[in-house]
Amino acid sequence: AKGWIMLASIGVLGFFGQWAMCRSLQIERAGPATMMRYMDVAFAFLFQVTIENQSTNAWALLGAAMVIMCAGLIGFQRCFKRREAIVPPSRPRGLSRASQASRLSGLAGNQA
């Protein structure tokens with residue numbers, strides 16, 4: 001019975017993890033959102049030691065530390081990287097938004 005409960009909980013948690021990942025990709029840019037996926041490695045080791053009471057070897061810990069360290073370095077690099085300001089395109093002087101819209105709709109009608 002305990003095995004079925006663990007199997008069901010893996011399925012439910014996996015579903016919600018995938019849903020959260022898809023939702024985060026809708027809200028945030030792909031880079032920072034997918035970097036959070038690297039935390040799966042840390043949580044996997046945490047659950048392995050605390051819930052399953054299994055020990056890990058030094059090579060596995062070294063590999064997990066390298067993955068988390070590289071993800072952190074990429075995150076810090078992106079965080080401190082200077083971002084360029086996005087300047088919206090300017091409209092020609094003297095044209096209101098309404099006249100600019102009517103001018104653009106007239107151009108679209110001529111192409112048909």
Side-chain angles (χ1 to χ4, degrees):
K2 184 180 177 183
W4 286 106
I5 293 172
M6 292 291 277
L7 186 63
S9 64
I10 287 171
V12 170
L13 292 174
F15 170 78
F16 281 114
Q18 185 65 32
W19 175 82
M21 185 66 185
C22 291
R23 183 70 181 130
S24 68
L25 287 171
Q26 291 173 346
I27 296 171
E28 183 63 48
R29 293 185 334 245
T34 54
M35 277 187 28
M36 291 305 295
R37 190 72 174 177
Y38 291 130
M39 291 306 295
D40 285 352
V41 175
F43 287 127
F45 277 106
L46 181 68
F47 292 154
Q48 181 179 352
V49 172
T50 58
I51 295 175
E52 296 178 2
N53 294 325
Q54 293 181 356
S55 61
T56 59
N57 61 15
W59 290 109
L61 288 174
L62 179 65
M66 288 174 64
V67 167
I68 294 170
M69 183 180 68
C70 290
L73 288 173
I74 291 170
F76 283 125
Q77 179 187 10
R78 288 186 181 179
C79 181
F80 292 117
K81 188 177 179 180
R82 190 174 141 200
R83 296 183 182 191
E84 297 178 10
I86 299 174
V87 180
S90 61
R91 62 178 187 266
R93 292 187 184 267
L95 288 178
S96 67
R97 290 187 189 270
S99 63
Q100 186 179 12
S102 66
R103 191 171 147 215
L104 289 176
S105 64
L107 290 174
N110 291 337
Q111 293 177 354

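Basis for what follows: all heavy atoms, side chains included, without hydrogens, waters or symmetry-related copies. FYI, the numbering just counts along the sequence from 1.
- Two different hydrophobic clusters hold Val67 and Met69 under the rule that ILVMFWY side chains link at heavy-atom gaps under 4.5 Å.
- Annotation: side chain of Phe45 is not in contact with side chain of Val49 (no heavy-atom distance under 4.5 Å).
- In this structure, OG in Ser9 is found 12.5 Å from CH2 in Trp4, a value given to the nearest 0.5 Å.
- Rounded to the nearest 0.5 Å, atoms CZ (Phe43) and CG (Leu13) are 12.0 Å apart.
- Within a 6.0 Å radius of CE in Met66, other residues, nucleotides and ligands contribute 12 heavy atoms or fewer.
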